[in-house]
Peer 1: 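Below you'll find the structure I mean.
Note that the structure is a prediction, hence the values are computed from the model and not measured. Just so you know, these numbers use all the heavy atoms, side chains as well, and skip hydrogens, waters and symmetry mates.
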Amino acid sequence: MASSGSFSNSIVSGHYKLKVDWSQAQNVSANTSTITCKLYLINDWSLGIGSRTNSCTIGGTTKSFTSSSISGTGTHTLGTVSQSVSHNSDGTKSITISAVFKIQATISGTYYEQITASATVTLNTIPRASSVSAKSVNLGTAGTITVTRASSSFTHTLSYTFGSAKGTIAAKTTSTSVSWTPPLTLADQIPKSTTGTCTITCTTYNGSTSIGSKTCTMTLTIPASVKPTIGSLTAERIDGTVPSTWGIYVQSKSKAKLTVNGAAGSYGSTIASYSISGGGFAGAAASLTTGFLNSYGDITFTATVTDSRGRVSAAAKVTITVERYFVPYFETYTSQRCDSGGNLQDDGTYILGNALYNRAPCGNNNRVTRTIYYKRSADSEWTNAGVIFSSGDPIVFGRGQISTEYSYDIRYTITDQFNTVSVQDIVSTAAVVMDFKCGGKGLAIGKVSETDNCFEVSEDWDVKVYGKLLKDYITSIAGSVYPVGSIYMSVTNTNPSVYFGGTWVAWGSGRVPVGVNASDNNFSTVEKTGGASTVTLTTAQMPSHSHAKGTLAADSSGAHKHNLNLTKSGWGVDNASNKVIVDSTTYTALTNKATASAGAHEHTISGSTAAVGSGNAHSNLQPYITCYMWKRTQ
């Protein structure tokens, strides 16, 4: 490249030389150059000619000029011509300059019409639009935009386009390093993605004239701090059979309704899914109504929301307190004959009762009513004793009407807000060593005989069988039915030692028994535990599936062009020496319609596939029914 130069050509062994000196003057704003050519004849042999009409062609444009008469030898100025030429869009340009001097002279017996000289020159490139580059950054974080300018006199206006958002970063700046903090509000443009492609445009100015623009792309990422929010998680009691005046949650009687309040996306995102879990319950909606709350104490529920970008909110929590409830039960109870003062008598006509029971207080709201009934064992109708007993306190009843000739059934009943529980005892007849039923065929030991054709023994007497007390004998039989290690199941919360003796402990709370399977490591040993009431699937456990394209998109990149490889016959020429196709020109059909390979490039894929799922745990429970389970240890 050059901004000036010269070239020449000669005749008659160099004695007559045509020389052209050329120079370039750039117009940066117009992207043009003015080329000036000065033409000379240099001769060391004498020449005498008149004025001549000559020509100089610059970049395809021919200019004519007239030279003065020439006499003698030396360097003779023939003329000066100028022509403006347009540069390519990138500022480059090569042109051909040719000159014709009409010497029209006979020299040493030979006639010479003209001297010609030509050269192809590459002009200095005119500075064009500066290039721009930028690195990817998070929204709200400062990044640097770098401008590589072609001329130190240029200024630049930087602007951005992100989705439908546009703005100016810097106007007519002379800086080549510009700091820019993309505002968080740009996240509104990508409500379903955490990243997006931003286009930076650099417009180059020479003074007040725009000489072109160039662009680059950068990835803008929404910072992790931008995520959906929850205003609160609230819990509402569903009382069921619990009196609303109690104002409490009661184990196995109350439910809870959990509600997510004020959930909102952030910077354009929307709420895609909900998750509420706690107390063995889980849901994927904005509210969750639990089943009956089966545990007591403090229960914490946790809620999150997931937005359209797949971002998960901070957890909102609420804790409720559940009062313990269990069905009331009797621990011990006794019934004995006595006198009116409560003094034990074998032939007393009153009954001294004593029942020890337990009930769930439920914050001292759960009151119980207590009733005693009695009847002759052979009768069907019960009589209300008309007394109220307290747990563990002896009480006398019967009004002196408890006949010594009959056994009596005694029923103790307690009723709380939800359940009624009764136990039944027996009071034998008056105590005697032996009694034969009067007028009948009955026989009794330790009591009065009450039944014909029956041998009766007072409950206060012991009986030996095979050298063992009857109760011990029964216990030994029970021990063979339920040896140590046995499991006993019941819907009554009474320790089996009451029935079978031995030592029993509660077993398997909240778990389902499974048979031992030595070939399956999950169940290979006795009393091995495992499993969970809820489970969160891993990626490997999810079924094969596909996603919608979501926000995936390719950016615009790699502008380029292709050449058509065509064939043609010779061109025609019009009066202005332009090449044209005319009727007289033979034109052959295209023989090759393929385009030439050009413009290797690549595209950046941005965005993300559509988000589905919440990643929350789901219930893993089989259908079940609960009971009390006990294990015998001694």
Side-chain angles (χ1 to χ4, degrees), residues 241-243 245-254 294-297 321-345 348-375 377 382-402 407-428 459-460 471 488 490-506 509 626-628 630:
T241 57
V242 179
T245 56
W246 287 14
I248 59 173
Y249 293 92
V250 176
Q251 181 185 10
S252 76
K253 303 300 177 184
S254 301
N294 291 319
S295 57
Y296 64 92
T321 299
V322 180
E323 295 291 337
R324 184 186 182 192
Y325 178 77
F326 52 85
V327 177
Y329 64 92
F330 288 90
E331 295 185 8
T332 62
Y333 52 90
T334 59
S335 307
Q336 297 171 288
R337 287 181 178 272
C338 68
D339 61 17
S340 61
N343 301 304
L344 297 180
Q345 287 184 348
T349 57
Y350 291 83
I351 296 175
L352 179 64
N354 191 349
L356 180 65
Y357 64 86
N358 200 357
R359 53 94 184 181
C362 298
N364 292 323
N365 292 292
N366 189 25
R367 307 297 183 183
V368 295
T369 58
R370 294 140 290 168
T371 310
I372 301 176
Y373 298 88
Y374 64 89
K375 70 177 182 67
S377 297
W382 292 88
T383 298
N384 190 326
V387 295
I388 298 174
F389 64 94
S390 297
S391 180
D393 292 338
I395 189 169
V396 177
F397 61 92
R399 304 185 184 94
Q401 299 174 0
I402 307 302
S407 296
Y408 285 81
D409 293 333
I410 313 300
R411 187 170 71 191
Y412 299 93
T413 299
I414 53 176
T415 300
D416 71 358
Q417 179 64 37
F418 310 105
N419 290 283
T420 296
V421 177
S422 297
V423 293
Q424 192 165 312
D425 201 5
I426 189 169
V427 173
S428 185
E459 67 270 15
D460 295 326
K471 63 180 180 179
Y488 175 76
S490 174
V491 294
T492 302
N493 189 21
T494 301
N495 193 302
S497 63
V498 174
Y499 311 126
F500 312 120
T503 301
W504 297 76
V505 296
S509 177
T626 59
C627 66
Y628 296 101
W630 306 81

Peer 1: I want to check something: taking the side chain as every heavy atom from C-beta on, are I395 and I372 in contact at a cut-off of under 4.5 Å?
Peer 2: yes
Peer 1: Classify the ring geometry of F330 against Y357: parallel below 30°, tilted from 30° to 60°, perpendicular beyond 60°.
Peer 2: perpendicular
Peer 1: Check this for me: L344, atom CG, are more than 12 non-hydrogen atoms of other residues, nucleotides or ligands nearer than 6.0 Å?
Peer 2: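 It does: L344 CG has more than 12 such atoms within range.
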Peer 1: Donor-acceptor pair, R359 side chain versus N366 backbone, under 3.5 Å?
Peer 2: yes
Peer 1: Are T492 and Y329 side-chain neighbours, meaning at least one heavy-atom pair lies under 4.5 Å?
Peer 2: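 No, their side chains stay 4.5 Å or more apart.
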Peer 1: Does the pair W246 and Y325 meet the rule for a ring-ring contact (aromatic ring centres under 6.0 Å, His included), with working shown?
Peer 2: CA-CA 14 Å; W246 287 14; Y325 178 77; 8.8 Å; no
Peer 1: Measure up the Y374 and F397 rings against each other and bin them: parallel (under 30°), tilted (30 to 60°), perpendicular (over 60°).
Peer 2: tilted
Peer 1: Ignoring hydrogens and geometry, is there a side-chain-to-backbone donor-acceptor pair from Y628 to A506 under 3.5 Å?
Peer 2: no
Peer 1: Closer than 3.5 angstrom, by distance alone: can the side chain of R411 be matched with the main-chain N or O of Y373 as a donor-acceptor pair?
Peer 2: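 Here the side-chain-to-backbone pair does not exist.
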Peer 1: Kindly say whether S335 contributes a backbone atom to a donor-acceptor pair with the side chain of D425 at under 3.5 angstrom?
Peer 2: yes
Peer 1: Just by modelled atom types, is the N294 backbone N or O under 3.5 Å from a matching donor or acceptor in the Q251 side chain?
Peer 2: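 Checking the backbone N and O of N294 against the side chain of Q251, a donor-acceptor pair under 3.5 Å is found.
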Peer 1: Between the side chain of N384 and the main-chain N/O of T371, is any donor-acceptor distance below 3.5 Å?
Peer 2: no
Peer 1: Mind checking the CG-OG spacing from N354 to S390? Nearest 0.5 Å is all I need.
Peer 2: 10.5 Å
